[in-house]
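As structure tokens, the structure follows; a few thoughts come after it.
The chains referred to below are lettered A, B, ... by the order of the sequence lines, with proteins before strands, and numbering in each begins at 1.
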Amino acid sequence: MDEIIEQIKQKLKEENKETLHDLLLTYHPYDLAQAFAHLDIEEQEQIKQILNPSELSLIFSYLDVEDSLPILEHFNEQDSANIISHMDPDDATDLFQALEEEDQNKVFHHLNQEAASDIKELTRYQESMAGSIMTNHYFSISNSMLAKDAMKKLVKESSEQEVIDVLFVTDLSHHLKGILSLQDLIIASKEEPIQKIMKKNYKFIQANDSIYKAASLIKEYHLNVLPVLRKKELVGIITIDDVIDYIDDETTEDYDKLAGLSGKNTNEFLSMFRSRLPWLCILLLLSFLVSTILGFFEDIIAIATSLVFFQSLVLDMGGNAGTQSLATTIVSLSKNELDQKKEIHRHLQKEWMTGFINGILLGIASFVVTLIFMSIKHTQDPKIMISLIVALSMMCAITLSNFIGSFIPIVLQKIHIDPAVASGPFITTLNDMFGVALYYTLAYLILVLGGVIS
Amino acid sequence: MIEKENFFEMTVAKQNQFLKDASTIDKKKFFTSLTIEECQTFFLKQNNDQTYRIIQNRIQYLSYLPISKRLKILSKVSSSHKLFFYKQIDPYTIRKIQKKKNTWMNMHPKDMANEFEKMDEKERFNFYHFLDAKNLSHVFEELEEEDAASYITELSKEKARDVIENLDVDDAVDIIKELEEEDQTKYLSLVSDETKEELTTLSQYTEDEAASLMDTNFISLDGMMDVKEAMKVLFVEAKEASVVHTLFVSLDHQFLGVLDIKKLIVTKSPCFIKDITDVHCKRVDVHDSIEKVISFVDDYDIYALPVLKEGVIEGIITIDDALRALHETREEEYNQLAGLSGEHEAKETIKAKVKKRISWLFILCLLDILVCLVIASFENMIEKATVLVLFQPIVLGLAGNVGTQSLAVCVRQLSSQKIETKKKKFFYILKEFRNGFSLGLLLGIISFMVVALYLWISNKSGDKSLFMIAGIVSFSIFVSMSFSSLFGSLIPIFFSTLSIDPAAASGPFMTTLNDMIAICIYFLLATFLLL
């Protein structure tokens with residue numbers, strides 16, 4: 001990217017206006033947009049002079065709104081309005097809404113009529129509604145046409161900017177009757193009526209449905225465009241490139257929660273704090289509960305110090321196994337694999353059994369390792385008994401945390417709380433509490449009550 | 001009237017004659033009176049391999065059985081025969097299935113796939129029978145790969161062949177990879193040479209390479225063609241192509257660029273295709289990473305991205321496939337952060353689950369022993385001030401968590417290719433250290449107050465000074481958090497420079513290293529200050 005910026009800077013100095021215009025157009029608008037944000041005001045001004053408003057607006061539709069605003073500050077109202085007028089309605093609305101209220105009023109008078117009405121239309125929808133990201137750059141044909149008429153209309157009216165993959169068939173009152181893929185139109189014979197070759201069975205969304213619904217429809221059904229309706233009337237379309245971010249968001253959220261991050265994570269220092277601090281504070285408080293539990297066992301720790309060596313081993317392993325189980329459960333929940341009671345039962349049983357078997361295997365392994373460890377260490381504490389305590393509590397801790405890790409997200413889902421809330425720090429600390437209690441209770445039972453240590 | 005008892009003592013030939021002569025009402029009465037065992041002796045014959053098939057000339061009588069018995073008989077029949085046999089079912093069943101078929105045909109493949117997963121074996125066989133190979137292949141594309149693989153083996157040889165031929169090549173490769181080895185060779189030998197070649201070329205690429213997402217059904221034009229000729233090619237090839245909005249132009253077999261179909265339609269002949277081609281379009285190499293593909297498609301809004309091999313176009317990647325790949329990558333990262341192997345494992349058996357998870361847990365267990373060693377070396381200290389043990393989980397927990405946070409952010413940054421150059425990496429690590437430093441400072445102060453308060457209330461500090469212990473705890477939290485943050489970014493970046501997948505490898509090393517450092521700082525500080 002740095003290279004592209006350098007290239008463009010260089011060329012702005014050397015070339016004359018006409019060659020520069022063609023040269024700039026060889027770059028993809030995304031590259032131009034990235035470069036544009038890094039140019040100084042004069043260079044930006046120069047580009048503004050060279051490109052026409054519709055070319056310029058394309059650059060702005062690839063820029064983040066936050067990056068566009070400082071650039072627009074140097075433009076006068078007419079120029080800003082020109083750019084916004086030429087943008088896709090959804091991008092235009094985003095940018096327009098980001099302006100200060102005062103500027104909005106000024107710019108609005110300079111917008112062309114079409115853009116003004118588009119923006120008015122789109123601002124009706126809340127940010128989370130499908131209607132707010134739709135565009136009206138779709139290609140519609142009448143249901144009374146023949147294939148050849150449709151083709152003719154396509155040749156005459158298609159503009160360069162959009163990808164036409166699907167045509168929308170509407171009746172006189174602009175109600176959506178069906179969709180026709182470009183492919184089917186091409187292979188259809190000329191005299192075929194559109195009614196016959198169109199698909200009546202198509203996916204659509206209502207303008208006030210959520211964006212996430214639109215995104216998941218597009219993802220699940222391999223769609224490139226999704227028609228947006230108000231009742232039966234076709235009011236716009238949502239294209240796949242507009243929902244990529246939303247599809248990404250959902251998994252990212254789960255990922256962040258597993259890592260104990262909250263909110264958006266940008267590179268900025270303050271937002272980093274906002275993202276990381278909350279869970280750390282919660283963790284600090286929760287781990288005091290672990291400390292409190294440990295406090296009850298201070299006496300036994302004083303008698304058999306060796307126990308402390310393996311405390312973190314038992315806790316860590318419980319935590320790790322629990323996290324595995326939790327992540328599997330959360331992904332399953334998000335894939336709707338656990339809708340029925342039967343499925344939930346089977347899942348819980350499986351996780352529980354997996355934990356149990358893993359627990360036994362690791363219990364055996366840790367018994368051996370602990371025994372070797374204790375023999376080398378020459379302590380006075382009873383070797384075999386302590387190894388046994390470690391092994392048994394490891395087994396129980398792993399089984400238990402697998403159960404907790406799979407059970408809690410399902411319960412949360414049932415009471416309509418995002419199951420991912422249980423992720424990461426929360427589940428680990430919970431498992432720590434159980435682990436500590438288990439470990440030292442076992443130690444107490446075996447060492448003190450069992451009469452190994454008086 | 002046919003007497004049941006006598007009937008089964010007759011010879012087969014006589015039985016048949018008898019039935020032929022009987023009236024419809026008699027036949028109906030007779031068949032309804034049969035028990036299920038009798039039905040079996042009447043209809044079924046054992047094959048050599050212990051499975052059953054239906055006696056050929058008795059299939060016609062199946063329609064006289066009540067539905068429940070009919071289905072019971074069918075369920076006994078081995079699958080290879082069932083398929084053959086469904087072609088000859090009575091009209092009633094056919095009508096029932098046909099009705100269902102009509103609703104099926106109108107469904108989106110994805111919905112069909114959802115329905116399909118809920119079906120039992122018998123229903124699946126109806127489904128196979130009534131859907132043609134093309135539609136069936138669309139359904140298979142929507143299924144999970146391992147499920148699709150097991151269903152393919154249920155199909156007859158011919159149908160399996162047709163389905164594989166109809167599948168998108170990238171999906172076909174994924175499905176075939178899931179088959180047992182001998183089945184792989186079996187099915188590969190069935191398909192046409194052309195498909196076989198495509199499959200074998202594509203299967204050479206790993207899952208991280210662009211080529212594994214490739215679709216080979218695209219329309220390719222020669223740059224020297226006239227617009228008119230190109231239109232003809234378009235009409236012929238449109239039916240088979242997965243993408244028609246973009247056409248791909250080559251010149252002398254070298255890829256030249258892409259052509260928007262609208263431009264082709266509106267351009268008047270005579271005009272060379274190469275003159276209207278967009279030669280500046282983005283492209284990727286077969287060996288480029290999936291991440292690169294995703295970032296191209298996302299940044300540049302490319303609906304069909306050409307994939308080249310030594311300058312020649314091999315295939316295209318459509319935006320919806322890139323989108324799915326993005327989703328899968330994200331899911332993989334999520335699973336790896338949780339210490340699972342990349343794939344989602346919900347459907348695995350317990351045995352497979354244990355196998356997948358235990359190796360990871362073993363590694364962690366062994367590494368944890370190192371932490372135990374470190375703790376053990378502070379035995380004296382622990383004996384003298386047991387109160388320190390109480391706060392050990394807090395120090396370890398906070399350090400571990402801030403490390404995981406940094407790791408998670410860093411893995412994301414690496415996978416979206418935001419930190420590539422050496423300079424950026426260096427500054428990134430420095431910044432993470434600063435993040436850990438400031439978070440540590442803040443939490444150190446908070447924990448000082450909380451620990452002091454806790455000790456004051458519980459009176460556990462004994463002969464040691466309350467503030468001294470709180471000081472040790474909070475200072476160790478501060479130092480170990482700074483280090484954890486540093487390692488949380490240093491380790492994944494280190495792995496990525498060695499071209500080892502940082503998402504998969506970093507976890508255990510980081511946790512162990514952080515634990516050890518935190519323990520050392522904590523107890524060393526205590527030794528220094530308390531003894």
**Item:** Most chain B-contacting option - heavy-atom pairs closer than 4.5 Å, from A/L182, A/L284, A/I357
**Value:** A/L284

**Main-chain N/O of A/A302 paired to B/E383 side chain as donor or acceptor, under 3.5 Å** = no

**Asked** Does the distance from a Lys or Arg side-chain N to an Asp or Glu carboxylate O, for B/D111 and A/K203, drop under 4.0 Å?
**Response** yes

**Request:** Find the one option among B/S377, B/S406, B/G400 whose heavy-atom pairs under 4.5 Å with chain A are most numerous.
**Result:** B/S406

**Prompt:** Do side-chain atoms of A/Q183 reach the backbone of B/V244 as a donor and acceptor pair under 3.5 angstrom?
**Reply:** no

**Message:** Under 4.0 Å between a side-chain nitrogen and a carboxylate oxygen: does that hold for A/E220 and B/R324?
**Reply:** no

**Item:** Heavy-atom proximity to chain A below 4.5 Å, by part of B/S485
**Value:** side chain

**Request:** Run the numbers on A/T328 and B/R357 for side chain to side chain contact (heavy atoms under 4.5 Å, CB included), then give the verdict.
**Result:** CA-CA 11 Å; A/T328 311; B/R357 294 184 190 181; 3.2 Å; yes

**Message:** Please rank A/T323, A/N201, A/V436, A/N358 by heavy-atom pairs under 4.5 Å with chain B and give me the top one.
**Reply:** A/N358

**Message:** So which residue, B/I446, B/L396, B/L373, ends up with the most heavy-atom pairs under 4.5 Å with chain A?
**Reply:** B/L373

**Prompt:** Where is the tightest heavy-atom contact between A/M317 and B/D368, given as atom of each residue plus distance?
**Reply:** SD-OD2, 3.9 Å

**Request:** Would you sort out whether A/L294 and B/F391 count as a side chain to side chain contact (heavy atoms under 4.5 Å, CB included), showing the intermediate values?
**Result:** CA-CA 9 Å; A/L294 266 172; B/F391 305 108; over 6 Å; no

**Message:** As an exercise, state the distance from CG of A/D31 to CG of B/D299, rounded to the nearest 0.5 Å.
**Reply:** 8.5 Å

**Item:** Nearest heavy atoms of A/A365 and B/F362, plus distance in Å
**Value:** CB-CE2, 3.3 Å

**Cation over ring face, B/R330 and A/Y255, 6.0 Å, 45°** = no

**Asked** About how many Å separate CZ of B/F235 and CD1 of A/I186, when rounded to the nearest 0.5 Å?
**Response** 6.5 Å

**CD (B/E240) with more than 12 external heavy atoms under 6.0 Å** = no

**Prompt:** How far does CD1 of B/I382 sit from CD1 of A/I301, to the nearest 0.5 angstrom?
**Reply:** 9.5 Å

**Request:** Answer yes or no: is there a side-chain heavy-atom contact under 4.5 Å between B/V354 and A/M353?
**Result:** no

**Prompt:** Which one, A/F288, A/Y27, A/F310, leads in non-hydrogen pairs under 4.5 Å with chain B?
**Reply:** A/F288

**Request:** Sort A/Y202 into side chain, backbone, both or neither according to what part of it lies under 4.5 angstrom from a heavy atom of chain B.
**Result:** neither

**Prompt:** Say you draw a straight line from OG1 of A/T239 to CD1 of B/I319; how long is it, rounded to the nearest 0.5 Å?
**Reply:** 8.0 Å

**Asked** Which atoms of B/I261 come close to chain A, meaning under 4.5 Å heavy atom to heavy atom: side chain ones, backbone ones, both, or neither?
**Response** side chain

**Asked** Where on A/I187 is there a heavy atom nearer than 4.5 Å to chain B: the side chain, the backbone, both, or neither?
**Response** side chain

**Prompt:** Is a side-chain donor or acceptor of A/H28 paired with a backbone partner of B/Y300 at a separation under 3.5 angstrom?
**Reply:** yes

**Message:** Taking every non-hydrogen pair under 4.5 Å, which of B/I519, B/L367, B/L326 racks up the most with chain A?
**Reply:** B/L326

**Prompt:** Between A/N402 and chain B, which part of the residue has a heavy atom less than 4.5 Å away: side chain, backbone, both or neither?
**Reply:** side chain

**Item:** Contact origin within A/V308 toward chain B - heavy atom pairs under 4.5 Å
**Value:** both

**Side chains of A/S312 and B/D515 in contact at under 4.5 Å (non-hydrogen atoms)** = no

**Asked** Under a 4.5 Å heavy-atom cut-off, does chain A meet the side chain of B/K351, its backbone, both or neither?
**Response** neither

**Request:** Please assess B/M481 against A/L280 for the test side chain to side chain contact (heavy atoms under 4.5 Å, CB included), listing each intermediate value before the final yes or no.
**Result:** CA-CA 11 Å; B/M481 277 177 74; A/L280 289 174; 3.9 Å; yes

**Request:** Can you tell which part of B/S438 gets under 4.5 Å to a heavy atom of chain A, answering side chain, backbone, both or neither?
**Result:** both

**Asked** What's the shortest heavy-atom distance between B/C365 and A/L362, and which atoms?
**Response** CB-CD2, 4.1 Å

**Complete:** Note: vs chain B, highest number of non-hydrogen pairs under 4.5 angstrom among A/K200, A/H222, A/K199, A/K219 is A/H222

**Asked** Which region of A/V331, side chain (C-beta onward) or backbone (N, CA, C, O), has a non-hydrogen atom less than 4.5 Å from a non-hydrogen atom of chain B, or is it both or neither?
**Response** both

**Complete:** Bottom line for A/S181: the part with an atom under 4.5 Å from chain B's heavy atoms is neither

**Asked** Thinking salt bridges, do B/E432 and A/R276 make one under a 4.0 Å N-O criterion?
**Response** yes

**Message:** Determine whether A/L313 and B/V371 satisfy the following criterion, side chain to side chain contact (heavy atoms under 4.5 Å, CB included), listing intermediate values before the conclusion.
**Reply:** CA-CA 8 Å; A/L313 177 71; B/V371 181; over 6 Å; no

**Gap between atom CG of B/L361 and atom CD1 of A/I398 - 0.5 Å precision** = 6.0 Å

**Asked** So what's closer than 4.5 Å to chain B heavy atoms on A/F373: side chain, backbone, both or neither?
**Response** side chain

**Request:** Could you check which of B/V279, B/T404, B/I358 has the highest count of heavy-atom pairs closer than 4.5 Å to chain A?
**Result:** B/I358

**Proximal component of B/L439, with respect to chain A [non-hydrogen, under 4.5 Å]** = both

**Request:** Please look at B/V451 and chain A and tell me whether the side chain, the backbone, both or neither of the residue comes under 4.5 angstrom of a heavy atom of that chain.
**Result:** both

**Message:** Less than 4.5 Å to any heavy atom of chain B: does that hold for the side chain of A/S325, its backbone, both, or neither?
**Reply:** both

**Request:** Rounded to the nearest 0.5 Å, what's the gap from CG on A/L285 to OG on B/S447? Could you check?
**Result:** 11.0 Å

**Message:** Tell me which of these, A/L283, A/V290, A/T26, A/N320, has more heavy-atom pairs under 4.5 Å with chain B than the rest.
**Reply:** A/T26

**Prompt:** Looking at B/I394, B/V450, B/V387, which hits side chain to side chain contact (heavy atoms under 4.5 Å, CB included) with A/S291?
**Reply:** B/I394

**Region of A/D432 that comes under 4.5 Å of a non-hydrogen atom in chain B** = neither

**Request:** Indicate yes or no for a side-chain donor-acceptor contact from A/T354 to the backbone of B/K353 under 3.5 Å, with no hydrogens or angles considered.
**Result:** no

**Message:** Only pairs of heavy atoms separated by less than 4.5 Å count here; which of A/T292, A/T428, A/L326 has the most with chain B?
**Reply:** A/T292

**Request:** Could you walk me through whether B/D301 and A/Y30 pass side chain to side chain donor-acceptor pair (under 3.5 Å), step by step?
**Result:** CA-CA 9 Å; B/D301 294 347; A/Y30 172 78; over 6 Å; no

**Prompt:** Around A/F356, counting heavy atoms of other residues, nucleotides and ligands shown, do more than 12 lie under 6.0 Å from its CZ?
**Reply:** no

